[in-house]
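Here the structure is laid out as structure tokens; the discussion comes afterwards.
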Amino acid sequence: MTSIRTQVGIVGAGPAGLLLGQLLHLNGIDSVIVENRSREYVIDRVRAGVLEQGTVDLMIAMGVSAGLCRAGLRHEGLYLSFNGQRHRVDLADLTGGRAITVYGQNEVVRDLIDARTTTTRPLYFDAERVSIRALDTSGPIVRFSHGGTEHDLHCDFVAGCDGFHGICRPSIPAGVQTIYERGYPFGWLGILAEAAPSSDELVYTYHERGFALFSMRSPTVTRLYLQVPPDEAIESWPDDRIWEEMLERMRTGDGWQPNRGRIIQKSVTPMRSFVAAPMRFGRLFLAGDAAHIVPPTGAKGLNLAASDVLVMARALREFYEDGRTEWLDRYSDVCLRRVWKAQRFSWWMTSTLHRFPDESAFDHQRQIADLDYLTSSRAASTSLAEQYVGLPMEVSFEAAGLRG
Ligand SMILES: Cc1cc2nc3c(=O)[nH]c(=O)nc-3n(C[C@H](O)[C@H](O)[C@H](O)COP(=O)(O)OP(=O)(O)OC[C@H]3O[C@@H](n4cnc5c(N)ncnc54)[C@H](O)[C@@H]3O)c2cc1C
């Protein structure tokens, strides 16, 4: 057993853990990141692709945006499609020039791992038997095994950035947190296809047969999603069936449809809304998917991970600069304000755009009316646009030690 000492022990090298590590580094705060998967696995995991304006600005302010600025695709609008017609929502016009950027989460993670490596601060991949203890003391410990050696990582704080299935949230004693949860009677079948995107902007489709989403990862790779039953086996979707269903749902009256290409990845993801509150127990602070999950329709998950760790960086900066704990004490409340607004938005986007198994003919007509209103009223479109590009962060970049 070896003993290591750091200021902040970070469990998980996803977007939350890596962004936090870099924010702390920029403030001269020491951290050790412990990840139970391999470097390749973490980089290759296909997930989010839509970055809010604030997340892009944050990465620029942190100096980790070279890849993002080179390969990110800035989108100033999106389409809502229903009754066979696409309607453009001009995000930039409705929000004073703000936009979203399509840049794969795996690219974000790759860039952040490179930045971490440059700092020479420790990042352990392939850690085994990770556990956390003494959380309600001033000296919490992250215990893990690496390369056959057991390590006790002694910290001032533990950042639980280990995602929904991690060990940090379950380490909080029963009864401390309240769980708010909602399931959905469907999931998303997602594919990556070697095909040039046939639209410069995302297309959200409401169709009699269910929701579909057209998106992209690069000028040569298209990303598409279909609403399917939640427990759907991917084996029951051979490639031809996927294309048939995609085109059936997405094709519009003006002849637009996605380009077809070789499918290089496919999977089914369940949909869930979940919040565990408070996001803190003693010296353990949860961030990102470890504390909350949103259905992917609103494209908020990675962006919430970024806004959580910005608040945590501010709180830890104040603690190490002048011993104040005010922001540490407020951490959970401040994060949850933004989390709940993103939860509400993600639930609303999901409810508006999907078909529900128990819906009535009345519900169906109401959904069409919702979409008609959304695309014909500037007030309604503005509400969608400002939430889609991202509501303001709760903490300024300057307060978190960045130049802004
Ligand atoms: C299909 C899909 C599409 C999505 N689209 C979008 C989108 O467009 N926009 C958006 O903002 N979000 C999107 N999301 C959500 C987004 O991917 C997540 O919210 C994001 O990954 C959260 O980051 P995180 O760092 O909190 O958690 P994670 O990315 O899950 O990272 C947690 C890390 O902790 C590690 N870990 C787990 N257990 C342990 C352990 N015991 N010890 C050590 N390490 C551990 C994991 O291996 C992982 O590397 C999407 C998600 C899916 C599945």
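As a basis for the values below, the full set of heavy atoms in this structure was taken, side chains included, without hydrogen atoms, waters or symmetry mates. Ligands are counted one by one from 1 in listed order, and the atoms in each one are counted from 1 as well.
Between T101 and R74, the side chains place no donor N or O within less than 3.5 Å of an acceptor N or O (distance only, hydrogens not considered). Between the side chains of R169 and S171, no donor-acceptor pair of N or O atoms lies under 3.5 Å. For the residue pair S351 and Y184, no side-chain donor N or O sits within less than 3.5 Å of a side-chain acceptor on the partner. Between the side chains of Q227 and H207, no donor-acceptor pair of N or O atoms lies under 3.5 Å.
Shown are R88, R98, R378; of these, the salt bridge (Lys or Arg N to Asp or Glu O under 4.0 Å) with D93 is made only by R378.
At least one side-chain heavy atom of M216 sits less than 4.5 Å from a side-chain heavy atom of L73.
Counting protein heavy atoms only, atom 53 (C) of ligand 1 is closest to T269 CG2, 3.8 Å. Counting protein heavy atoms only, atom 14 (N) of ligand 1 is closest to A48 CB, 3.6 Å. Protein heavy atom in closest approach to atom 25 (O) of ligand 1: A16 N, 2.9 Å. Nearest protein heavy-atom neighbour of atom 40 (C) of ligand 1: N36 ND2, 3.4 Å. Atom 29 (O) of ligand 1 has as its closest protein heavy atom R47 NH1, 2.9 Å.
In summary, the atoms of ligand 1 found under 4.0 Å from a heavy atom of G166, numbered by their order in the structure, are 38 (N). For ligand 1, the atoms lying closer than 4.0 Å to a non-hydrogen atom of G49 are 7 (C), 8 (O). Of all atoms in ligand 1, listed by their number and element, those nearer than 4.0 Å to a heavy atom of V34 are 43 (C), 44 (N). Residue G301 has at least one heavy-atom neighbour below 4.0 Å for each of these atoms of ligand 1: 10 (C), 11 (O), 12 (N), 15 (C), 19 (O). Residue-ligand proximity, V130 to ligand 1, at heavy-atom distances under 4.0 Å covers atoms 42 (N). Near G12, meaning under 4.0 Å from any of its heavy atoms, are these atoms of ligand 1: 33 (C), 34 (O), 35 (C), 44 (N). Each of the following atoms of ligand 1 lies closer than 4.0 Å to a heavy atom of G163: 27 (O), 30 (O), 32 (C). Within ligand 1, the atoms closer than 4.0 Å to a non-hydrogen atom of G14 are 25 (O), 31 (O), 33 (C), 49 (O), numbered from 1 in the order shown.
Closest to atom 17 (O) of ligand 1 by heavy atom, among Q105, R223, E128, is Q105. Residue nearest to atom 48 (C) of ligand 1, selected from M271, R45, R37, K300: R45 (by heavy-atom distance). For the residues G17, P15, G288, the heavy atom positioned nearest atom 23 (O) of ligand 1 is part of P15.
Note that SG of C155 and CG of D152 are 9.5 Å apart. Values are rounded to the nearest 0.5 Å.
Ligand 1 has no N or O atom lying under 3.5 Å from any N or O atom of I167, backbone or side chain. By the 3.5 Å distance cut-off applied to N or O atoms, E35 is counted among the residues near ligand 1. Taking only nitrogen or oxygen atoms, main chain and side chain alike, L302 reaches within less than 3.5 Å of ligand 1. Among the atoms of D289, some N or O lies under 3.5 angstrom from an N or O of ligand 1. When only interatomic distances are considered, the shortest N/O to N/O separation between A299 and ligand 1 falls below 3.5 Å.
With a 4.0 Å heavy-atom cut-off, ligand 1 is reached by no atom of L304. Residue contacts with ligand 1, taken as heavy atom pairs separated by less than 4.0 Å, involve N303 via backbone and side-chain atoms alike. At a heavy-atom distance under 4.0 Å, atoms from both the backbone and the side chain of D162 approach ligand 1. At a 4.0 Å heavy-atom cut-off, ligand 1 touches C161 through the backbone alone. In V11, the part holding a heavy atom less than 4.0 Å from any atom of ligand 1 is the side chain.
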>> Does R45 form a salt bridge (Lys or Arg N to Asp or Glu O under 4.0 Å) with E107? I'd like the steps, not just the answer.
In response: CA-CA 10 Å; R45 198 164 34 196; E107 300 301 332; over 6 Å; no

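Proximity of the aromatic rings of Y79 and F214 is defined here by a centroid distance below 6.0 angstrom, and this criterion is not met.
Using bins of under 30°, 30° to 60° and over 60° for the plane-to-plane angle, the ring pair Y388/Y204 lands in the perpendicular bin.
Residue Y331 comes nearest to D308 through the heavy atom pair CE1-O, 3.6 Å, listed as atom of the first residue, atom of the second, then distance. R37 approaches E35 most closely through the heavy-atom pair N-OE2, 2.9 Å. Between Y103 and D111, the shortest heavy-atom contact is OH-OD2, 2.6 Å.
Here ring pair (Phe, Tyr, Trp, His ring centres under 6.0 Å) pairs that include residues 301-326, with residues two or more places apart or in two chains, are F157-F319.
Enclosure of atom OH in Y180 is not indicated, since only 12 or fewer non-hydrogen atoms of other residues, nucleotides or ligands lie within 6.0 angstrom.
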